[in-house]
There are 2 protein chains.
Amino acid sequence: MRMSKGVEWALHTLLNLHMAGGGPVGNGQLAAMHGLSATYLNKQLQLLVKAELLTSIPGAHGGFRLARGLERITLLDVVQAIEGDVRLFHCAEIRCCGRAGEIEPQPTEACPVKAAMVRAEDAWRQALAAQTLAEIQAELDRRPAIARAVHTALN
Amino acid sequence: MRMSKGVEWALHTLLNLHMAGGGPVGNGQLAAMHGLSATYLNKQLQLLVKAELLTSIPGAHGGFRLARGLERITLLDVVQAIEGDVRLFHCAEIRCCGRAGEIEPQPTEACPVKAAMVRAEDAWRQALAAQTLAEIQAELDRRPAIARAVHTALN
DNA sequence: GGCTTACTACTCGGATACTGCTTGTCCGAGTTCAGGGGG
DNA sequence: CCCCCTGAACTCGGACAAGCAGTATCCGAGTAGTAAGCC
């Protein structure tokens with residue numbers, strides 16, 4: 001039960017794209033920014049494109065660009081784009097198998113175990129959806145020197 | 001990012017042990033209850049023993065027994081026992097690698113990305129810790145016939 | 001000199017191997033119970 | 001009749017394979033810029 005490291009890569013890369021200023025930035029530069037594998041980062045960025053968080057510009061001087069402002073991108077958007085299905089607990093309905101299935105073959109009500117786990121996961125998802133990348137960027141902006149350095153490094 | 005199915009197995013088995021009445025129940029019977037692989041279920045139950053949620057009685061007529069009442073077992077206890085480390089997001093501190101590392105080699109403050117993800121996970125863990133198995137059992141007790149059937153099946 | 005055209009370099013995008021964890025299985029150590037033999 | 005001993009059956013416990021998702025990599029398709037050639 002470990003989240004893919006692609007999520008961390010995607011989050012930092014989205015922030016870097018914002019600090020870059022809006023112009024398209026190539027995959028190679030974005031990877032070099034954090035010493036990542038360029039080809040694998042590309043895979044993650046393609047997922048972000050598919051989720052319509054990024055737009056890709058092919059050809060020379062192409063690259064990736066934010067599809068919308070950071071204030072319109074939540075943590076849940078990023079996690080969902082990279083991980084796909086964000087459900088942690090998958091109920092296999094084992095309560096209807098084996099001897100328990102003989103007792104109650106057709107589940108008349110929802111599984112209480114599943115319901116409890118879903119409640120907890122909803123709290124997680126709501127917390128993810130409540131935080132936008134703009135808020136994280138605001139934290140980074142408390143040290144403007146870094147933001148400026150990133151900007152020059154990517155331009 | 002999928003939770004081990006051992007969590008579902010453990011939750012249902014703990015509830016079954018409660019309905020069994022307190023006497024030790026063998027691993028084979030517990031597995032047959034839901035048509036599970038007995039040997040693999042045993043692996044999960046050993047984790048619960050190590051977490052002190054269950055006690056094991058060796059020898060003939062032995063088995064597993066709840067170490068404490070359901071009202072003192074939370075969902076977080078079970079998830080933590082099976083999954084071990086319950087942190088979903090592992091920050092690799094990539095902000096200090098590559099060219100970004102040249103800008104800020106020594107992180108003076110906590111990583112805002114990590115902090116945001118941890119906040120969301122804390123909401124999840126709190127929601128897990130807030131729900132006990134006794135509350136789930138209360139839902140099941142709304143149909144006493146099933147609880148009785150499980151009791152007789154395990155005795 | 002200006003326009004067309006072919007070439008090159010660079011980009012994204014999907015198809016292809018490798019690794020580690022989850023899942024599943026097996027066999028051994030230990031304990032309890034039952035039955036038989038002896039006192 | 002009671003006690004002891006031996007055996008067997010059953011249990012847990014850890015060590016040993018198979019499958020699959022995550023990880024990493026490579027190569028092809030496409031586009032923009034550039035430079036040369038032609039009008």
Side-chain angles (χ1 to χ4, degrees), chain A residues 1-10 13 17 20 23-32 34-65 67 79 81-90 92 94 154, chain B residues 1-10 13 17 20 23-32 34-65 67 79 81-90 92 94 154:
Chain A
M1 191 186 48
R2 206 178 72 262
M3 192 176 289
S4 165
K5 64 175 65 172
V7 173
E8 183 181 9
W9 296 17
T13 300
L17 278 172
V25 182
N27 179 42
Q29 278 193 320
L30 292 170
H34 295 292
L36 309 175
S37 158
T39 52
Y40 189 43
L41 176 64
N42 185 19
K43 194 182 183 69
Q44 312 299 334
L45 296 185
Q46 284 177 32
L47 292 173
L48 296 180
V49 170
K50 198 168 290 181
E52 297 182 354
L53 300 181
L54 291 182
T55 56
S56 65
I57 295 104
H61 291 265
F64 294 93
R65 170 184 292 175
V79 172
I82 300 295
E83 295 286 342
D85 191 354
V86 291
R87 288 179 303 177
L88 299 174
F89 182 81
H90 284 249
I94 63 173
L154 290 177
Chain B
M1 191 186 51
R2 208 177 72 261
M3 190 176 290
S4 164
K5 65 175 64 172
V7 174
E8 183 182 8
W9 295 17
T13 299
L17 277 172
V25 181
N27 179 42
Q29 277 193 320
L30 292 170
H34 295 292
L36 310 175
S37 158
T39 52
Y40 189 43
L41 176 65
N42 185 18
K43 196 182 183 67
Q44 313 299 334
L45 296 186
Q46 284 177 33
L47 292 173
L48 296 181
V49 170
K50 199 167 289 181
E52 298 183 352
L53 300 180
L54 291 183
T55 55
S56 65
I57 295 103
H61 291 266
F64 294 94
R65 169 185 293 175
V79 173
I82 300 295
E83 295 286 341
D85 193 353
V86 292
R87 290 181 301 179
L88 299 175
F89 182 80
H90 284 248
I94 64 171
L154 292 176

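Labels below follow one simple rule: chain letters A, B, ... track the order of the sequence lines, proteins then strands, and each chain is numbered from 1. Just so it is clear, the model here is predicted, and its values are computed rather than measured.
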Candidate nucleotides C/dC12, D/dT25, D/dC12, ranked by approach to the side chain of A/P58 - the nearest: C/dC12
Touch check for B/N27, heavy atoms < 4.0 angstrom, all strands: base, sugar-phosphate only, or nothing? sugar-phosphate
Of A/S37 and B/G59, the one whose closest nucleotide on DNA chain D sits nearer the 5' end is B/G59
Given atom OH of B/Y40 and atom P of D/dG13, what is their separation to the nearest angstrom? 17 Å
Let me know, please, whether A/T39 or A/A60 comes out on the 5' side of the other along DNA chain C by nearest nucleotide. A/A60
Closest non-hydrogen contact found for B/S4 with B/Y40 is OG-OH, 4.4 Å
Need one value for A/M3: base, sugar-phosphate or nothing, where a base atom within 4.0 Å counts as base even if backbone is also close, heavy atoms only. nothing
OP1, OP2 of C/dG14 versus side-chain N and O of A/Q46: anything below 4.0 Å? yes
Starting at CZ of B/R65 and ending at C1' of D/dC12, how long is that distance when rounded to a whole Å? 15 Å
Looking at A/S4, I'd like to know whether one of its side-chain N or O atoms comes within less than 4.0 Å of OP1 or OP2 on D/dT23. yes
Could you pull out all residues at least two apart from A/T55 that satisfy side chain to side chain donor-acceptor pair (under 3.5 Å)? none
Considering every strand and a 4.0 Å limit on heavy-atom distances, what is the contact class for B/K5: base, sugar-phosphate, or nothing? sugar-phosphate
Does A/K50 or A/M1 map to a spot on DNA chain C nearer the 5' end, using the closest nucleotide for each? A/K50
Donor-acceptor contact below 3.5 Å, side chain A/Q44 vs main chain A/I82: no
Report the distance from atom CG of B/L45 to atom P of D/dG13, rounded to the nearest whole Å. 9 Å
Taken to the nearest whole Å, CG/B/N42 to P/C/dA29 is 17 Å
Using a 4.0 Å heavy-atom cut-off, does B/G63 contact any base of the nucleic acid, only the sugar-phosphate backbone, or nothing at all? sugar-phosphate
Using atom types as modelled and distance alone, determine if a side-chain donor or acceptor of B/N27 lies under 3.5 Å from a backbone N or O of B/A38. yes
Measuring from the side chain of A/K43 (C-beta onward, heavy atoms only), which nucleotide among C/dT22, D/dC12, C/dA15 has the closest atom? C/dA15
A/S56 side chain near C/dT11 phosphate (N/O to OP1/OP2, under 4.0 Å): no
For A/Q44 and C/dC12, what is the distance between atoms CD and P respectively, to the nearest whole Å? 14 Å
Any non-hydrogen side-chain atom of A/P24 less than 4.5 Å from a side-chain atom of A/H61? no
Does OP1 or OP2 of D/dT23 have a side-chain N or O of A/R2 closer than 4.0 Å? yes
